[in-house]
Amino acid sequence: MQTIDRAMQVIKVLNESDIVRWYSITDLSKECKLPVSTMHRLLQSMIKHGLVQQDPDLKLYSMGNTWLEYGLKMYDTFDFVGLIRPEMEKLMHEVEESVYFSKPIGSEALLMERIDCPHNPIRIYDQLGLRIPMNIGAANKVMLANMPKDEALKIVNELVTEEDSESFLKLLETIRKQGYGESHGEKTKGTSSVAAPIFNHSNELIGALSIGYVNFNLSVERQRFLIEKIIQYGLRISVKLGSKK
């Protein structure tokens, strides 16, 4: 178990930086608080399994291609290619904004897919694989609002202060009833998002569809249009997945 914990610690370091992609063994040892000799043995083992790769000339280390292979297989199991992604592309063309699909992972949401509008010069860039606490953002709140109540309450109690809990739960109930959620400047100042839940054939929540946009000079008509579209496409995707909601 200790080896697995150490290996995942290495992967976390290699994966968490948006700037540094390759690390020296010395840097990895410092980040993981492990002796260089221990790190060397660990890296050699991980290289054998494709979890880590090494530049033969620079002697630097990065994420291995095995993660990409596993990720693509997992990606395919969520019906992105055949069902969800085509609808996301249609929505993107209709609203000319970035469109996202997020999936709940415990008390966080994982950004699974993003489709940017090629005609819109102003984009909100959120990296795929980004994890965001479930109490932040339209997509996350709409997922919380449509989860089983005991599951949602557990997450809310973990992330929201006791004094804010009651008002937050009331907000979730409003979101659930209206069928969509909104967020304004929570994560990035000057940006907003609207989101709708996605359900599968068992009427279980599997994620959320959202539109991200810059809210400068946004008209009421444009806001209503985006809300109408996110509700429409949330329902369309859910129906394609077999939902009876």
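Worth saying up front: this structure is predicted, and the values here are computed from it rather than measured.
Remark: the backbone N or O of G50 is paired with a side-chain donor or acceptor of T66 at under 3.5 angstrom. When atom types are taken as modelled, the side chain of N140 and the backbone of I136 share a donor-acceptor pair closer than 3.5 angstrom.
Considering only heavy atoms from C-beta on, I198 stays 4.5 Å or farther from L205 through its side chain. In this structure, I211 and Y100 have side chains that are not in contact, with every pair of non-hydrogen atoms separated by 4.5 Å or more. By the 4.5 Å heavy-atom criterion applied to side chains, S243 and H201 are not counted as neighbours. With contacts defined as side-chain heavy-atom distances shorter than 4.5 Å, the pair S102/M143 qualifies. A heavy-atom distance below 4.5 Å is found between the side chains of N146 and F199. For the pair Y233 and L209, the minimum side-chain heavy-atom distance is below 4.5 Å. Side-chain contact check for P118 versus M92: some heavy-atom pair is nearer than 4.5 Å. Side-chain atoms of D150 and L153, non-hydrogen and from C-beta on, never get closer than 4.5 Å to each other.
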I11/V52 under side chain to side chain contact (heavy atoms under 4.5 Å, CB included): CA gap, chis, key distance, verdict: CA-CA 8 Å; I11 292 302; V52 168; 4.2 Å; yes

Residues R85, E89; criterion salt bridge (charged side-chain N to carboxylate O under 4.0 Å, His left out); working and verdict: CA-CA 6 Å; R85 201 174 200 283; E89 290 176 345; 2.5 Å; yes

Pair E166-K170, salt bridge (charged side-chain N to carboxylate O under 4.0 Å, His left out): steps then yes or no: CA-CA 6 Å; E166 184 177 352; K170 287 181 179 178; 3.6 Å; yes

L14 and W22: CA distance, side-chain angles, deciding distance, side chain to side chain contact (heavy atoms under 4.5 Å, CB included) verdict: CA-CA 7 Å; L14 292 175; W22 294 84; over 6 Å; no

Verdict with supporting geometry, L83 and I237, side chain to side chain contact (heavy atoms under 4.5 Å, CB included): CA-CA 7 Å; L83 296 174; I237 293 174; over 6 Å; no

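Residues passing the side chain to side chain donor-acceptor pair (under 3.5 Å) test with E173, sequence neighbours excluded: R176. In this view, Q223 and E182, H184, V194, Y213, L218, I227 satisfy the side-chain contact (heavy atoms from CB on, under 4.5 Å) rule, not counting sequence neighbours. In this view, F168 and N135, K141, L144, V156, V160, L172 satisfy the side-chain contact (heavy atoms from CB on, under 4.5 Å) rule, not counting sequence neighbours. For Y180, the side chain to side chain donor-acceptor pair (under 3.5 Å) test picks out no residue, with sequence neighbours left out. Residues forming a side chain to side chain donor-acceptor pair (under 3.5 Å) with Q53 (at least two apart in sequence, or on another chain): none.
To the nearest 0.5 Å, atoms CD (E96) and SG (C117) are separated by 5.0 Å. Rounded to the nearest 0.5 Å, atoms CE (M134) and OG (S107) are 8.5 Å apart. The NZ atom of K240 lies 7.5 Å from the CZ atom of R236; values are rounded to the nearest 0.5 Å. Between E87 atom CD and L241 atom CG the span is 9.5 Å, to the nearest 0.5 Å. Residue T26 holds its OG1 atom at 10.0 Å from CG of L60, rounded to the nearest 0.5 Å. Here OG1 of T191 is found 9.5 Å from CD of E186. Values are rounded to the nearest 0.5 Å.
In terms of heavy-atom proximity, S183 sits nearest to G137 at OG-CA, 3.7 Å. A pairwise comparison of heavy atoms in A139 and A208 identifies O-CB, 3.6 Å as the closest pair. Taking both residues in full, the closest heavy atoms of G179 and P197 are given as O-CD, 3.7 Å, listed atom of the first, atom of the second, then distance. Here the closest heavy-atom approach between residue I155 and residue G106 is recorded as CD1-O, 3.4 Å.
At least one test fails for R222 against the ring of F225: distance under 6.0 Å to the centre or angle within 45° of the axis.
For the 3.5 Å distance criterion, the side chains of Q54 and Y61 qualify, holding a donor opposite an acceptor. In the model, K229 has a side-chain atom that pairs as donor or acceptor with a side-chain atom of Q232 under 3.5 Å. In this model, no donor atom of one side chain and acceptor atom of the other lie less than 3.5 Å apart for E162 and S165.
Under the 4.5 Å side-chain heavy-atom criterion for grouping Ile, Leu, Val, Met, Phe, Trp and Tyr, I4 is connected to V13 within one hydrophobic cluster.
Between R224 and E221 there is no salt bridge, since none of the side-chain N atoms of the basic residue sits less than 4.0 Å from a carboxylate O of the acidic one. R114 has a carboxylate O that lies under 4.0 Å from a charged side-chain N of D116, or vice versa, which qualifies the two as a salt bridge.
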Sequence neighbours left out, cut at 3.5 Å: what donor-acceptor pairs do the side chains of residues 27-48 make with other protein atoms?
| unit_1 | atom_1 | unit_2 | atom_2 | d |
| --- | --- | --- | --- | --- |
| D27 | OD2 | S24 | OG | 3.2 |
| S29 | OG | I25 | O | 2.8 |

